Structure formats: C-alpha cells, structure tokens
Amino acid sequence: MSQTPDSAVRTYIEQHRAAFLDDLTAWLRIPSVSAQPDHATDVRRSADWLAAKLKETGFPTAEVWLTPGAPAVFAEWPSGDPEAPTVLVYGHHDVQPAAREDGWDSDPFEPVVRGNRLYARGAADDKGQVFFHTLGVRAHLAATGRTAPAVNLKLLIEGEEESGSPHFRALVEEHAGRLAADAVIVSDTGMWSEDTPTVCTGMRGLAECEIRLYGPGQDIHSGSFGGAVPNPATAAARLVAALHDEHARVAIPGFYDGIVELTDRERELFAELPFDEERWLETAKSRAAHGEAGYSTLERIWARPTAEVNGIGGGYQGPGSKTIIPSSAMVKLSFRMVAGQEPDHLEKAVRDWAGTQVPAGIRHEIRFGAATRPCLTPLDHPALQSVVRAMGRAFEKPVRFTREGGSGPAADLQDVLGAPVLFLGISVPSDGWHAPNEKVELDLLLKGVETSAYLWGDLAEHWRPTP
C-alpha cells in the first residue's frame, strides 16, 4: 500500500528528526544577542550560519543583508509555476540577553534536552520557530515528489527584533522589489496552549508620546505663590484624569475613528477559548480585571484600542516635604491601535486634545516616537484558511483563533509590501520567552515542521492571488 501524503510527511520528519535537532542545537549555541555590542560578531556569525544552512537545505538564493545595525538573512526558492502564490516567511535570529546567574538551571547558550523539552535561549523565540521551516520544506518536497516548493518561497530573518527593529522598515523599503509577496507568514508567535492549537489573526499597533508641561521659570514657594499661578504637576494630573471617561473608554475626540469593530463571529470564537480569568489575573499580578465597558478581557487586550499612562512625574520626589510649585512636569503615554486606526490621525487627535486640556499659563510640548501600524487578516481570507487547514492536519484537532495584544515589526511588512500578514507559531506560554530557562516543547516543534510541510501545497491548491 502506498503512503498517504500525511504519513509520508511524518515518516520523513521522524527519519530526519535527530539531524534537525543537531543543527538547531548548533545554531542555538551562537549567542546572537543584538542588544549587547559585545555580541555583534556573534549576531553576524548567526546570520552567516543560517544563510549557509538555507543553501544546504536547497534554497538557490541565500544572502546576508547588512543594515546599519545587525544583519538580516534573505532566502528565495522559486516554484517554477508562473501562477503559484509568493509567500514570505518572517522571523528573527537575534535573541534576548541571558546569563547563568539570571536564574538558568544550565548555560543558556549550551542547549540541553530534559524530558521532551529543549532548553536554550532562542529555543522558542525565535530560532526554533524559524528553523522548523527548513525541515518542513524538505518534507513537503519528499512527500510530493517535487524538486521545488509548490509556492514561490521567500524568507526574511531579521537580526534586530529583540532590539526594537530600528532598521527593519528601511530594510524592507530598500528591498521591497525582492521581498514582494502575496502573503507574509510570521513565525514569531505562539499558540494558546499545548492542547489548543490556535492561529493568530491580528496584532495591535503602537504609538508613544511624552508630554512636557512647563509653568514657572523655576520652582517657586507654594506659600508665596500657591493658588495664584498654574501648577504644571496639577495640569499633568488633570491631563491623565481626562484620558478616559467613566466607562473606561478613551475620551480623546476622534480616537475611535475608522476602527474595524469585532464581528459577532469573532466574539463567539474568542469566547470558545478556555480562558481562566482568575489564573490570568495571577499572571498579571493584579487583583481585578478592568477596562472598556461592554467587552471581555480577551476582547480588550486583542481587539480594542487603548491609552495607557506609562509614567507621570514632576516636582519634589525626595524624602520629607518641599513646599514648592514645580517648574515642570511630564506624562508618558502609549496607545495600542487596532485595524482601521492611522498613526497620523491618532497623533493629531492627541495633540488637539492636549491643547484643550492644558490651562493658560502652562506651556506644553509633545514628542511622538515612530509608530507601529496594526495588522488584521479577515477570517475568510483564503491564505488564512490554508494555515488553519495545515495546522489542523498536523495537530489532528480543531484550530481556534486568537489575536496578539502587543505590537511588532510584522505590520511594516504589511504596510510596505501590501500583503496580508498571517501567523504560524507553535510556542506556548510556558516556554518562557525572555525569561530564564526558555524552552521549546519538542513535540510541538515537530508539529510546526509538519504544518509547514502541508502549508505550501495547500496554498498552491486553494489560492491563486489576483494580479
């Protein structure tokens, strides 16, 4: 009896499991910490190692792309089918700082397997999840008898994600022609749990600002002048108090303009997840849930825009008292944006709002940093459905849907390339990203390999993008 494609994929993966893990272990030994200048040569060594391994995997093109910071890796493997979709896989090869004295049970850059878990910095975030695509594409070829993938496959593996991706957008803009794709697959994400495979459909954007308020030309005596001149610290407190209304909605006029509202179906799908709010509160080190009225906790952190006070200060901060009216105060704010919100519109709304809140006699300045746009893929998008089917085949379970409350550079790919962003990750919350004893579950890692192996054929069969 001939093998089915699924059994052929699984047989191939099992036969090559040991070599795959040996290669991954070798890559994890390279301490590619982009945030630490002393590791700059290691980050370059990591990029060189990956480019060579991708060549060995079969990619005809594998290049190291230099930036003013750390290098990225680009690879390309054309399908040969002029109608095949083009897919770009995004991930990163740099890692967070790590040292044994941080609380690791073993050297973070000397990978070790304990039970069915591989412990090392980068095991889950993100080297493991980048690397499963190498065995996945080979399994895809072996099971189908193809000599090239069913899609035009590209990879862009960044080297500065853990340092805030300061040069990523410029890199994408510079190479937009070579990076052109019909869809982007982000493998720098995770699942709900080991027992609940999920696909993320969106990520919030981020805008940040600092508001400086200036009153008297210097700190002045509160007895001589208090009650007769405006106090910038009081103005800062009033500004913060005016940020939300009594229903915890952001009170900035125009803030919600254009947002894509949750559909009833999306709310139903979120509600299907086995969410334990009490356990979540323990993780949040908080005593009660709070947020915009009319929405669940998951809806608030995944699909609603927010305004948060990240810092507030002004005046005397030392022991005892110092009876002054301070000369200045400051507020730091961040805004999580959802699909439909535009950073430029939000910035203007915040500036206009602040101008109406600051009293006469107080001068204010607002400085915004670079913004990250939100991204969202509709549930019925054919490429998303391919991801869901591929993951369902690998896990042999229903696949559910999540979103990400945080922000990342994936939105730059959507913005510059004009392609939908899809998420394919197998990491689980217990993997400990950025923490001591980061690990990846080996069974899940191989499910990622299997999902990748199924995905390219499914996309080619079910999706022919419109030119």
Side-chain angles (χ1 to χ4, degrees), residues 19-59 61-76 88-100 102 104 106-112 118-137 154-168 170-172 175 179 186-189 408-410 425 427 431-435 438-440 445 448-449 452:
F20 167 75
L21 292 178
D22 285 346
D23 284 341
L24 175 57
T25 296
W27 194 22
L28 291 169
R29 287 196 178 100
I30 301 174
S32 50
V33 182
S34 62
Q36 296 178 337
D38 289 349
H39 285 292
T41 57
D42 293 316
V43 181
R44 176 59 194 259
R45 189 158 57 98
S46 171
D48 290 339
W49 186 97
L50 178 58
K53 186 58 61 175
L54 292 173
K55 278 275 194 180
E56 182 183 312
T57 297
F59 283 84
T61 299
E63 304 169 352
V64 175
W65 285 357
L66 301 181
T67 77
V73 176
F74 171 77
E76 183 174 15
L88 174 68
V89 174
Y90 166 85
H92 62 91
H93 67 94
D94 64 320
V95 299
Q96 281 279 311
R100 182 70 183 269
D102 296 337
W104 286 76
S106 55
D107 187 329
F109 295 105
E110 188 52 52
V112 59
L118 173 61
Y119 291 84
R121 176 59 88 220
D125 180 25
D126 183 36
K127 289 180 176 178
Q129 299 201 95
V130 166
F131 203 60
F132 72 57
H133 287 289
T134 62
L135 183 53
V137 70
K154 301 179 182 182
L155 274 67
L156 178 61
I157 311 303
E158 186 188 358
E160 294 185 304
E161 194 275 343
E162 299 293 9
S163 298
S165 303
H167 304 104
F168 184 69
L171 181 73
V172 175
H175 297 284
L179 294 170
V186 174
S187 285
D188 182 23
T189 186
S427 184
D431 284 345
W433 291 25
H434 299 196
E438 178 185 347
K439 55 85 175 171
V440 68
L445 185 64
V449 173
S452 175

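Scope of the values below: all heavy atoms of this structure, side chains included, with no hydrogens, waters or symmetry mates. All residue numbers refer to positions in the sequence shown, counting from 1. Here the structure is a predicted model, which means the values were calculated and not measured.
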What distance do [X] atom [atom1] and [Y] atom [atom2] have between them, rounded to the nearest 0.5 Å?
| X | Y | atom1 | atom2 | value |
| --- | --- | --- | --- | --- |
| H92 | D126 | NE2 | CG | 4.0 Å |
| K55 | T61 | NZ | OG1 | 6.0 Å |
| W49 | W27 | CH2 | CH2 | 6.5 Å |
| L156 | H175 | CG | NE2 | 9.0 Å |
| L50 | L155 | CG | CG | 7.5 Å |

Would you name the heavy atoms of [X] and [Y] that are closest together and state the gap between them?
| X | Y | answer |
| --- | --- | --- |
| A435 | W104 | O-CZ2, 3.6 Å |
| S427 | T189 | CB-O, 3.8 Å |
| V89 | I157 | O-CD1, 4.3 Å |

Give the intermediate values and the outcome of side chain to side chain donor-acceptor pair (under 3.5 Å) for residues E158 and S165. CA-CA 8 Å; E158 186 188 358; S165 303; 2.7 Å; yes

Would you find a donor on one side and an acceptor on the other, under 3.5 Å apart, between the side chain of [X] and the backbone of [Y]?
| X | Y | value |
| --- | --- | --- |
| T25 | L21 | yes |
| H39 | P31 | yes |
| D107 | F109 | yes |

Should R45 and D48 be marked as a salt bridge (Lys or Arg N to Asp or Glu O under 4.0 Å) after you check the CA-CA gap, both sets of side-chain angles, and the distance that decides it? CA-CA 5 Å; R45 189 158 57 98; D48 290 339; over 6 Å; no

So, F131 versus F20, ring centres under 6.0 angstrom or not?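 Yes, close enough.
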
